[in-house]
Amino acid sequence: MNQSRYWLLKSEPKSFSIDDLAACPEQTTQWDGVRNYQARNYLRDQMQPGDLGFFYHSNCKQPSIVGIVEICSAGYPDPTAFDPESPYFDPKSRIERPRWFMVDVRLVEKFSHPLPLKRLQQYRKELEGLTLLQRGHRLSVMPVAPEHWRFILSLTEKP
DNA sequence: GCCAACGTTGGC
DNA sequence: GCCAACGTTGGC
């Protein structure tokens, strides 16, 4: 049995919020549209069903971790890359040789109190190495170390 | 809305 | 293979 991993998935609430996920059938959606190679590699090579991830709202008034999702598929080719009608269309991704990948994601929990980035930044020491806190980072899919995962969860218990 | 930081592109 | 130009991300 493989060790499960922890992740952080960013989304702009203007385009897809945690409430949008909650409204999906089975509270499950395809995490499509990721167009960054490093993030792609995580999706394609490392995510496994059963992994957990934080759902993060970015590029909004109060950037925050707003809940938890479960990864419920392995990585598989992102069909939006093949669809000329899609905003995520990429002609260089061929069906025979897909360039972009995605996973399915299910809502596990929406926090009653979101955890603002501002608050996380108060724990530089405890969260040292967390990609989210690194200057200028732009990854929309990133791993979270187990000790960071646990620490962040503990913050939600004392809002 | 601003702008720094970043990843990608393409000319050379 | 370098690197300037460009478009995008995302906090503020």
Side-chain angles (χ1 to χ4, degrees), chain A residues 5-24 29-47 51-69 71 75-105 107-145 147-149 151-156 158-159:
Chain A
R5 300 171 188 264
Y6 299 105
W7 305 96
L8 184 143
L9 305 177
K10 282 190 209 167
S11 184
E12 302 193 9
K14 272 170 286 182
S15 52
F16 190 82
S17 71
I18 195 163
D19 291 326
D20 294 325
L21 178 58
C24 287
T29 193
Q30 306 182 118
W31 203 261
D32 59 16
V34 174
R35 295 293 180 268
N36 167 284
Y37 287 103
Q38 198 178 347
R40 185 278 309 270
N41 293 346
Y42 290 133
L43 293 168
R44 185 189 59 186
D45 305 332
Q46 297 200 25
M47 281 193 182
D51 288 359
L52 296 176
F54 288 126
F55 193 121
Y56 179 82
H57 280 173
S58 68
N59 205 6
C60 55
K61 209 160 218 160
Q62 191 160 54
S64 308
I65 295 177
V66 292
I68 295 176
V69 296
I71 310 304
Y76 61 103
D78 179 347
T80 63
F82 308 133
D83 176 7
E85 304 294 304
S86 167
Y88 303 125
F89 177 58
D90 179 357
K92 283 180 267 184
S93 184
R94 308 294 194 74
I95 297 200
E96 325 82 71
R97 214 165 185 287
R99 173 173 300 204
W100 303 116
F101 285 71
M102 65 182 192
V103 296
D104 296 342
V105 150
L107 181 62
V108 171
E109 179 186 355
K110 177 186 170 182
F111 294 155
S112 47
H113 303 283
L115 211 47
L117 178 62
K118 277 228 160 69
R119 175 129 190 257
L120 299 175
Q121 287 168 337
Q122 293 167 1
Y123 301 96
R124 293 247 165 231
K125 184 133 179 255
E126 293 85 344
L127 295 175
E128 193 176 3
L130 182 70
T131 306
L132 186 70
L133 297 186
Q134 279 162 18
R135 160 172 181 264
H137 82 278
R138 297 175 59 173
L139 263 188
S140 66
V141 174
M142 66 185 75
V144 174
E147 57 270 28
H148 292 159
W149 178 271
F151 181 77
I152 292 169
L153 272 189
S154 77
L155 295 179
T156 67
K158 35 180 178 175

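Values in this document were obtained by computation on a predicted structure and should not be read as measured data. Naming convention: chains lettered A, B, ... in sequence-line order (proteins, then strands); numbering from 1 in each chain. Values reported hereafter were calculated over all heavy atoms of this structure, with side chains retained and with hydrogens, waters and symmetry mates removed.
- Judged by distance alone, the side chain of His57(A) and the main-chain N or O of Lys14(A) form no donor-acceptor pair under 3.5 Å.
- Atom CD of Glu85(A) has 12 or fewer neighbouring heavy atoms from other residues, nucleotides or ligands inside a 6.0 Å radius.
- Computed from coordinates, the Lys14(A) NZ to dG1(B) P distance equals 11 Å when rounded to whole Å.
- Rounded to a whole Å, the CZ atom of Arg99(A) is 10 Å from the P atom of dT8(B).
- Residues from residues 30-38 of chain A placing a heavy atom under 4.0 Å of any atom in DNA chain C do not occur.
- Minimum atom distance to the side chain of Leu117(A) is reached by dC12(C), of the listed dG10(C), dT9(B), dC12(C).
- At distances below 3.5 Å, at least one donor-acceptor pair connects side-chain atoms of Asp78(A) with backbone N or O atoms of Gly33(A).
- Put simply, CG on Asn59(A) is 15 Å from P on dC2(B), counting in whole angstrom units.
- Using a 4.0 Å cut-off, no side-chain N or O of Lys92(A) falls inside it from OP1 or OP2 of dT8(B).
- Of the residues in residues 127-137 of chain A, those lying under 4.0 Å from DNA chain B by heavy-atom distance are Arg135(A), Gly136(A).
- Atom CG of Leu139(A) is separated from atom C1' of dG10(C) by 13 Å (rounded to the nearest Å).
- Rounded to whole Å, the distance from CD on Gln62(A) to P on dG10(C) is 17 Å.
- Here the P atom of nucleotide dG10(C) and the CG atom of Leu120(A) are 16 Å apart, to the nearest Å.
- Of the possible polar contacts, none joining the His137(A) side chain to the Leu130(A) backbone as a donor-acceptor pair under 3.5 Å is found.
- One can place NZ of Lys61(A) at 16 Å from C1' of dG10(C), the figure rounded to the nearest angstrom.
- The two residues Ser58(A) and Pro13(A) come nearest to each other via the heavy atoms O-CD, 3.2 Å.
- The distance between atom CG of Leu9(A) and atom P of dT9(C), rounded to the nearest whole Å, is 16 Å.
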Step-by-step side-chain contact (heavy atoms from CB on, under 4.5 Å) determination, Leu120(A) to Ile152(A): CA-CA 8 Å; Leu120(A) 299 175; Ile152(A) 292 169; 4.2 Å; yes

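- Using a 4.0 Å cut-off, some side-chain N or O of Tyr56(A) falls inside it from OP1 or OP2 of dG11(C).
- Judged by distance alone, the side chains of Asp20(A) and Ser17(A) do bring a donor and an acceptor atom under 3.5 Å apart.
- Listed by chain and residue number, Asp19(A) satisfy the salt bridge (charged side-chain N to carboxylate O under 4.0 Å, His left out) test with Lys110(A) (two or more places apart in sequence, or in another chain).
- Checked against the 6.0 Å centroid threshold, Trp100(A) and Tyr76(A) do not count as a close aromatic pair.
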